[in-house]
Asker: 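Can you read through this structure? Questions will come right after.
Bear in mind that the values here come from a model prediction, so they are computed numbers and not experimental data. The figures here come from the full heavy-atom set of this structure, side chains too, leaving out hydrogens, waters and symmetry mates. Numbers restart at 1 for each chain; the letters A, B, ... are given by sequence-line order, proteins then strands.
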Amino acid sequence: MADIATQSTGAEIDLPEAFQNAFRWMVLARTFEDKIASVYRAGKIVGGVYVGRGQEAFSAALAVQLNRGKDIYAPLIRDMAGRAAFGEPVIDAARTYLGSAKGSMRGRDGNIHRGSPREGVPAMISHLGAMISVVGGMLFARRLRGELENSVGAACIGDGATSTGSVHEALNLAAIEKLPLVVAIANNQFAYSTPTSRQFACKDLVDRAIGYGIEGINVDGTDLADCLQGFNKALSRARSGKGPQLVVGKLLRLAGHGEHDDAHYISKQMRASSLGKDCLAVARKRMIAENWGSEEDCKVLEEKAIEEVENAILQASGEESPDAYTHDWNACFSERFRDTQSDP
Amino acid sequence: MADIATQSTGAEIDLPEAFQNAFRWMVLARTFEDKIASVYRAGKIVGGVYVGRGQEAFSAALAVQLNRGKDIYAPLIRDMAGRAAFGEPVIDAARTYLGSAKGSMRGRDGNIHRGSPREGVPAMISHLGAMISVVGGMLFARRLRGELENSVGAACIGDGATSTGSVHEALNLAAIEKLPLVVAIANNQFAYSTPTSRQFACKDLVDRAIGYGIEGINVDGTDLADCLQGFNKALSRARSGKGPQLVVGKLLRLAGHGEHDDAHYISKQMRASSLGKDCLAVARKRMIAENWGSEEDCKVLEEKAIEEVENAILQASGEESPDAYTHDWNACFSERFRDTQSDP
Amino acid sequence: MSITYLEAIRQAQAKALADNPNVFIYGQDIGAFGGAFKATKGLFEKYPDRVIDAPISEDAMIGLAVGAAIEGMRPIIEMQFADFSTVGFNQIVNQAATHYWRTNVPCPITVRLPSGGTPGSGPFHSQCMEAIYAHYPGIIVMTPATVEDAYSMLLEAIYTDDPVIFCEHKYLYYHLKADSLPKQSLPAESARITRSGRHATVITYSAMIHEALLAADSLHDDGYEIEIVDLRCVKPLDIDTVLGSVARTGRALVVGEAFPWGGVTAEVISRIASEGFHLLDAPPAKLNARDTPIPYHPDLWRYHRPTASSIKSAIQKLLKD
Amino acid sequence: MSITYLEAIRQAQAKALADNPNVFIYGQDIGAFGGAFKATKGLFEKYPDRVIDAPISEDAMIGLAVGAAIEGMRPIIEMQFADFSTVGFNQIVNQAATHYWRTNVPCPITVRLPSGGTPGSGPFHSQCMEAIYAHYPGIIVMTPATVEDAYSMLLEAIYTDDPVIFCEHKYLYYHLKADSLPKQSLPAESARITRSGRHATVITYSAMIHEALLAADSLHDDGYEIEIVDLRCVKPLDIDTVLGSVARTGRALVVGEAFPWGGVTAEVISRIASEGFHLLDAPPAKLNARDTPIPYHPDLWRYHRPTASSIKSAIQKLLKD
Ligand SMILES: Cc1ncc(C[n+]2csc(CCOP(=O)(O)OP(=O)(O)O)c2C)c(N)n1
Ligand SMILES: Cc1ncc(C[n+]2csc(CCOP(=O)(O)OP(=O)(O)O)c2C)c(N)n1
Ligand SMILES: [Mg+2]
Ligand SMILES: [Mg+2]
């Protein structure tokens, strides 16, 4: 971990525990996404499927150090692992993908567009960059009310999204307000098909931090331990009032942009490079090598994950779709401000 | 001049010549703006008046090193000096403020919203930050057509505008494309009434440069010689293919945001600090001290400026307003795409 | 005592801040400076934590408001000019407007847009954006035309559990005065018969109400009684009040200061034509600004937007149809 | 040979690139990848300098296009989805749209918006934004409904000296096929009578043309002949063709896939009501999507937008009026 900031105020992390914990969600995420991708290929999903293959360590390492009910977590499209770690039930992912009326989005939105804002998980809109200021606003509100205590907000984003004005405005605003915001940039080398060389010209995205007057940390996104430690630092700093933190993880998207995309534009060399390491395989090896879990433990975990995922998919598939006729077609909460315009 | 970049590729500047040249435009700008402010106070201007008092050195130092007909110059609201230096006739400023139909904006737009895009001066829209990508596009077009040669584009902006997503996207895009773009940030300590502490949290705005992978230079905005030298470096680098350059000038707005504003929120201490020095007085003193011009020369210059400004105001005041009845009320150039909707 | 439209807006905010600790105001130069138009003057001194200067970041400002609203706050965002809300457009129409429908969590934000033309303001400080926001599901758009409405509707906006775009008209800021602020008021969603008449109805809102009133006054001298409906809220539209009036007069002119293609005038006419066709004795007419950017020069500007005199001509034409 | 609507768009761009060295395309993933929808497939290989991948910066993308246009280029900007143009909104409506009027220098940019709903696309990949842009002076908005129009109108857009918002419908990309590309075509500013009839006119555009055609087919079996007008360009509106048709049928239904408040349908009805009132034998009717964000679930989506069957019902109602 190349830590460009000078000092850490982090409470020491219990690495074995955090590692085991994160690993579990990584396995669950990978299992779910492999499954949902196969359901997609079988033609049973309407719309797209977006997976976080290769990004599970970076995603889980952040969320596993957050507390549901206290912290805020704004995942993006490749954060199945983080979502699970933050307490999103797998069944909700299955329901949202499969269009069950029981999903948190009730069929109104799909796939990775899910969340439960009241539980600290804003539901992403597609427009990249737009969620960071929302997390900022949540923190801002808590502080205004004196309810912030030492909670933090974490927002996930990709390398490509750093080109949006939205990310800039949100980071700058958070820095001015010194909000306890951790922004996790998963630099997976591509924005859809576009390589980072067509997205920014700085040597390292972490160099953005100084321009906001915030702290920045680089981590090896393929290495769960490094991710855990980097986020631990960032989170402790944020919790202790040091303002926004930028954490950049270097890794490679080990999948297409969506399951419709074969990612032919990712070169063999890049796949074979150290960026292309599969964080899950690396973590599994480390688990066993460090004796934080046995081969057997891993297998049990993997089998349990398969079972959980299969059950969730089965259950969600069997659930009813939303019914257009009985559906509540009102975009406004306030009844008195509903238009009298007759329905089509 | 604190030059955070490592090396200069600049051709040496002929300081006395550049200084005299810039000084002349500074005097003209100050004279015009003092006059237009008094016309405003006399109630003879509809709309606002925005002046560049205290920023003339920074503004002129850039434009005096640009070539009309070859380079692009996108001034903002406090760039009367730069505009004049780039060849905008004073009469056009007078006409635009006074609403003469003969002004470049023909009464359609007013005050500092003027330009002549075909001559390399885009006409600013009010939305801050929006002009930088336009300059980028002009450069991009020239390069595509093989007509760029070693011309540059310069865009002016304030400290407050750096908070816009627009500025971020434009700088980032220019860096990716390695465009010969010089962005001049006049850090005059305030955005309207808002101090920089509520606008950004970085130590220095020049720290943004590294995050775009571009070069950055700080200059003392109250010191014409430093401004000239700083822009000289930036411009030579840009002309020689080194990509976008950021030049930050530290100075103080020696006026209200507009002439309606008494700027009571600027503290006495700040006014008395070195930021609050009047660049024009400083430059005049230096001129004489260095023997680049005599006291007498300065007086002649000042008198000529007064005459030029008085004539321009007189002329513009006497000119006809646009006539609504004979005016061409078509927002589209293409006749065949004009709406048949009858006029009100 | 005499209270301006602007002062009404200031006082509504003062009251909301006093009554409800969840209310805060966020905008450029609205703190110690009191805002570009002084709509928040003195509020920072009383509520320094809740009257907060924002950076020039309209996108993030709206994003922040949405986040705060999710947490139960009732943010008021002041745009320095309506025209600059284009920069926060995405967050308004895609983040705020869809929030309740998507997540079941209401998003009670109020975005104040100092709107409309004044002489010399030019293309980027004069716009009327009500139609742009009204097009999107999930947004309420208010366009008060009186001092009393500025006050009571802003309070309603703040306490509404949906995003409200509050179009306050800059021309009315100082021009319009009332004796006192209302204790009671017509609900924001109801249109008002501002003036009753029987020969024709002019349906309009915001600053154009006052131009229409002048036109009606002038036609009164010619023996015509013109009814004027103030829409007050353009989304939702109180079409019942509109149709009630058209039923009485048989003639409808819809006036708007915004650009002519689409917008409030088109929506109102289309609703009248669809739902009240048989009430009409003549084709419904509309009058808008011209189809160009808003000119800076006062001589052009006066000819660009509808005025008492162009409204009068349009009514005269309508009466002849 | 059979050519899809998408292929027509690709070929129009290929032709423009080949014919005019001032044309270039800028957009996300449009280079070697050929675009999210493959609308630029193979073009980068032939014109590597003029088919350029953009960062995720819609604001700067439009700004760049305006700057290039000032210098005499004819940029085509591909938005990955129409919905993301909200981020470039300010540069479109305030920079590009006002440029000619303010400076006398035309701004020939074409912004391609992959628009409209397809099953499963949800609230942010399905929007129809034509009305938003059409509201602003200085913008031309094209909404082609056929393969031939996609081709010829895109070429016209590229060669038009004003900003053109080109709304290409994603549902039609693969669904619609033609035998060949047109050599000649109706000018883009003219509406077209797509089907002639005499009992009622359905006025619509883009994907809804095809739903209307199905509805008309089905009503044909019941003995009704429904005329269908394809607006093609929604700004400016070819109101003469619309009124000509309404003069023949006496009945008008205006259909749009966009949100119901305001928009193209309201504008068309208001124009018919104002300018063609006496041609009408029945109140003009409109049919739009529902007033909520566009739902992801296909079962909800089908009920959200107008379909052949809801159009049929609306026509039946209109015929009874
Ligand atoms: C404002 C905006 N423009 C374009 C898109 C279309 N889009 C969706 S994902 C994507 C690539 C994102 O790349 P990155 O931020 O690196 O995230 P990754 O997919 O690599 O995780 C693009 C261009 C969008 N969602 N929002
Ligand atoms: C997007 C946008 N938001 C708000 C405004 C209103 N506004 C005009 S000038 C200004 C302050 C600009 O400050 P700065 O960039 O520092 O320039 P300065 O006036 O100090 O030269 C503001 C907020 C604007 N023009 N554009
Ligand atoms: Mg990426
Ligand atoms: Mg400033």
Asker: For Arg145(B), is it the side chain, the backbone, both, or neither that has a heavy atom closer than 4.5 Å to a heavy atom of chain D?
Answerer: side chain

Asker: Supply the atom-to-atom distance Phe337(B) CZ to Thr160(D) OG1, rounded to the nearest 0.5 angstrom.
Answerer: 4.0 Å

Asker: Do Met138(B) and Leu64(D) have side chains that approach each other closer than 4.5 Å (heavy atoms only, starting at C-beta)?
Answerer: no

Asker: Looking at every heavy atom in both Ala141(B) and Met73(D), which two are closest together, and how far apart are they?
Answerer: CB-CG, 3.4 Å

Asker: Between Asn22(D), Asn90(D), Ile139(D), which has the largest tally of heavy atom pairs under 4.5 Å with chain B?
Answerer: Asn90(D)

Asker: Check whether Cys233(D) gets within reach of chain B through its side chain, its backbone, both or neither, counting any heavy atom under 4.5 Å.
Answerer: side chain

Asker: Is the number of heavy atoms from other residues, nucleotides or ligands under 6.0 Å of Glu45(D) CD greater than 12?
Answerer: yes

Asker: Please classify the contact between Arg106(B) and chain D as side chain, backbone, both or neither, with a heavy-atom cut-off of under 4.5 Å.
Answerer: side chain

Asker: Taking all atoms of both residues into account, what is the closest heavy-atom pair of Pro106(D) and Phe333(B), and its distance?
Answerer: CG-CD1, 3.8 Å

Asker: Checking heavy atoms, do the side chain of Glu147(B), its backbone, both or neither come under 4.5 Å from chain D?
Answerer: neither

Asker: Tell me the closest heavy-atom pair linking Ala331(B) and Tyr100(D), and the distance in Å.
Answerer: O-CD2, 3.4 Å

Asker: Using a cut-off of under 4.5 Å for heavy-atom pairs, which of Pro55(D), Ala65(D), Pro75(D), Ser57(D) has the most such pairs with chain B?
Answerer: Ser57(D)

Asker: Can you tell which of Arg118(B), Arg114(B), Glu177(B) has the highest number of heavy-atom pairs within less than 4.5 Å of chain D?
Answerer: Arg118(B)

Asker: So, taking the atom named CZ in Arg271(D) and the one named CG in Asp339(B), what distance separates them when rounded to the nearest 0.5 Å?
Answerer: 4.5 Å

Asker: Is Ser104(B) close to chain D through its backbone or its side chain, or both, or neither, when contacts mean heavy atoms under 4.5 Å?
Answerer: backbone

Asker: Under 4.5 Å from any heavy atom of chain B, what part of Tyr26(D) do you find: side chain, backbone, both or neither?
Answerer: side chain

Asker: Mind listing the closest non-hydrogen atom pair of Ile70(D) and Pro117(B) along with its distance?
Answerer: CG2-CB, 3.7 Å

Asker: Considering non-hydrogen atoms only, spot the tightest contact between Ala60(D) and Leu173(B) and give its length.
Answerer: CB-CD1, 3.8 Å

Asker: Should we count NZ of Lys70(B) as having more than 12 external heavy atoms under 6.0 Å?
Answerer: yes

Asker: Where does Arg143(B) contact chain D at under 4.5 Å (heavy atoms): side chain, backbone, both or neither?
Answerer: neither

Asker: Tell me the closest heavy-atom pair linking Glu169(B) and Ile56(D), and the distance in Å.
Answerer: OE2-O, 4.4 Å

Asker: Side chain from CB out, backbone as N, CA, C, O: work out which of these in Ala69(D) comes under 4.5 Å of a heavy atom of chain B, or both, or neither.
Answerer: neither

Asker: Non-hydrogen atoms of chain B under 4.5 Å away: do they reach the side chain of Gln91(D), the backbone, both or neither?
Answerer: side chain

Asker: Run the side chain to side chain contact (heavy atoms under 4.5 Å, CB included) test on Arg108(B) and Thr98(D) for me, step by step, so that the C-alpha distance in whole Å, both residues' side-chain angles and the decisive distance to 0.1 Å come before the verdict.
Answerer: CA-CA 10 Å; Arg108(B) 294 177 176 196; Thr98(D) 66; over 6 Å; no

Asker: What part of Pro21(D) gets closer than 4.5 Å to chain B, counting heavy atoms only: side chain, backbone, both or neither?
Answerer: neither

Asker: Go through the atoms of His113(B) and report whether side chain, backbone, both or neither lie under 4.5 Å from a heavy atom of chain D.
Answerer: both

Asker: Once rounded to the nearest 0.5 Å, what's the spacing between atom NZ of Lys235(D) and atom CZ of Arg338(B)?
Answerer: 12.5 Å

Asker: Of the listed residues (Glu189(D), His99(D), Arg102(D)), which shares the most heavy-atom pairs with chain B below a 4.5 Å separation?
Answerer: Arg102(D)

Asker: Do Phe140(B) and Ile52(D) come close enough that some side-chain heavy atom pair is under 4.5 Å?
Answerer: yes

